[in-house]
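Hydrogens, waters and symmetry mates are skipped; everything else that's a heavy atom, side chains included, is used. Quantities reported herein were computed from a predicted structural model and do not represent experimental measurements.
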Amino acid sequence: MKRLSGYIRIWEILITTCFCLILFQTSFQPWLSEIGLDLLFKSRPIKETSQSIIIVGIDEQSLQQLGPWPFPRSNHAAILSKLKGAKAIGFDLIFTHPTGDDSILTDAIENAPPVAMAVASNYQGTILTPGSYFSNKAKLGHIETELGLDGIVRRVQLYKYDVPVLAATMADSSTSPYGNHLDDDTRIINFYGPEFTFMYLSYSDVLHGEYDAAFFKDRYVLIGSKALALGDVHVTPYSKQHPIPGVEIQATILNNILNDSFLKELNWLLLAVSLSCFVMLLFVWPNKSETFNALLSGIFAIIVLLLAVVLFRFDYFFNFAIPLFILLVSYICLLY
């Protein structure tokens, strides 16, 4: 009987392992991870954002006062003249096609704090970069984030198209926590809250001098679309009534870089907790009553959930959904 019991345990382990491996070779595993990450964001209170980051949003008010998009580049030049005390300025806008007032903007860039301009790709995969008349005056940074299986933004690649992400360009890699060694790794964006969590100012208000120049002193200023009509909006784990403007995602990435607060994945803990499920299946559950096993599994699941929630408060992502799924599969194999 002992030998038969040992064989049964081995088969239980093999069935559980094979089932998990088959599922994890599909899109099930990343989907499970994304669900767990979203739940952790929703369980965490809104965090305070850096007051050194300001977004100048092209909102409905700006469109009504200044006319249809795109605005003349002389308007952007005038905006730069209002931001001379800023630490760095980033345009989350694409400047690919030449216009008649480009020289006005390039002159303004020369007399402004460090300016970063956006690089992105279009639907055909062509890389869109500012013309040489701008790229010789401004730094470059890409503005693309990664979409999850459900279309939600959760991650960003720090280096792409031979340039850093726009936020890293603004932060200046020589002084950021990543030093001069920005890699092309993907980071999990540590969102602080839903849409409009960062400080927004209306583009038209800034253009018309509603804010004193001292207000922008030593601050990072991002300029980009806020109006829904402009289409640069995305869904994040925190999204509530509206999707978040793309420029606010760049502000979030910038805040993460300045504070070194990208979410850090604890893969070693994930492996250890997942293996403990197999240990219970192999050595604990077969020798105990059904009531004891159910109670132990429930306590184990609660501990895993609490551990994930607590670690998330300190910017660590423990992917609790995977070990809980393995626990469920292991327990079902034990019963049948």
Side-chain angles (χ1 to χ4, degrees), residues 53-59 62 69-77 79-80 83 86-99 101-102 104-106 108-110 112-147 153 155-173 176 182 184 186-187 189 198 200-201 203 206 220-227 229-234 236 243-258:
I53 300 173
I54 296 174
I55 299 174
V56 176
I58 301 167
D59 54 5
S62 302
W69 183 256
F71 295 156
R73 289 176 183 171
S74 56
N75 283 359
H76 303 318
I79 281 277
L80 290 180
L83 306 174
K87 185 171 290 187
I89 302 166
F91 281 100
D92 186 15
L93 306 168
I94 301 295
F95 296 95
T96 52
H97 304 295
T99 66
D101 51 4
D102 288 342
I104 300 174
L105 182 53
T106 54
I109 292 173
E110 287 184 338
V115 173
M117 287 187 166
V119 171
S121 65
N122 62 15
Y123 291 118
Q124 291 73 41
T126 303
I127 310 304
L128 305 176
T129 60
S132 58
Y133 36 91
F134 292 136
S135 58
N136 292 334
K137 306 291 184 181
K139 298 179 181 179
L140 300 180
H142 80 82
I143 55 173
E144 292 188 5
T145 50
E146 294 188 10
L147 299 181
V153 173
R155 293 171 170 80
V156 64
Q157 196 170 329
L158 289 183
Y159 202 88
K160 195 174 185 180
Y161 310 134
D162 295 326
V163 294
V165 67
L166 181 69
T169 301
M170 291 179 63
D172 186 357
S173 61
S176 77
L182 280 174
D184 59 358
T186 298
R187 297 290 199 278
I189 302 172
F198 282 81
Y200 272 90
L201 306 179
Y203 184 99
V206 177
Y220 297 91
V221 180
L222 277 153
I223 302 171
S225 304
K226 183 186 178 186
L230 297 179
D232 183 18
V233 291
H234 306 273
T236 72
I244 186 173
V247 66
E248 189 168 352
I249 294 180
Q250 289 300 319
T252 305
I253 297 167
L254 176 58
N255 207 153
N256 286 179
I257 290 173
L258 294 175

Is the shortest heavy-atom distance from the side chain of Y161 to the side chain of L140 under 4.5 Å? no
I143 versus A118, closest heavy-atom pair with distance: CG2-CB, 3.6 Å
Student check: side-chain heavy atoms of L222 and F198 closer than 4.5 Å: no
Approximate separation, where rounding is to 0.5 Å, of T99 OG1 and D102 CG: 3.5 Å
Taking S225's backbone N and O only, do any of them form a donor-acceptor pair with D232's side chain (distance below 3.5 Å, no angle check)? no
Considering only heavy atoms from C-beta outward, does the side chain of E248 approach that of Y200 to under 4.5 Å? yes
CD1 (I249) and NE2 (H234) are apart, to the nearest 0.5 Å, by 5.0 Å
Does any part of the side chain of N256, heavy atoms only, come nearer than 4.5 Å to the side chain of R187, both counted from C-beta? no
4.5 Å side-chain heavy-atom contact, I189 and T236: no
Quick one: does Q250's side chain get under 4.5 Å of V165's, heavy atoms only? yes
Any side-chain heavy-atom pair of H76 and L93 under 4.5 Å: yes
Rounded distance [0.5 Å steps], CG in L80 versus CD1 in I223: 6.0 Å
I'd like to know if the side chain of N255 pairs up with that of T252 as donor and acceptor (distance under 3.5 Å, no hydrogens or angles considered). no
Considering non-hydrogen atoms only, spot the tightest contact between P130 and V119 and give its length. CD-CG2, 4.2 Å
Nearest heavy-atom contact between A167 and I257 is C-CD1, 4.0 Å
Can you tell me if D101 uses its side chain to pair, donor with acceptor, with the backbone of R73 under 3.5 Å? yes
How many angstroms lie between atom CE of M117 and atom CG of L166, to the nearest 0.5 angstrom? 10.5 Å
From T106 OG1 over to F95 CZ, what is the distance, rounded to the nearest 0.5 angstrom? 12.0 Å
Is the closest side-chain heavy-atom distance between D92 and I55 below 4.5 Å? no
Just how far is it from atom CD1 of I104 to atom CD1 of I109, taken to the nearest 0.5 Å? 12.0 Å
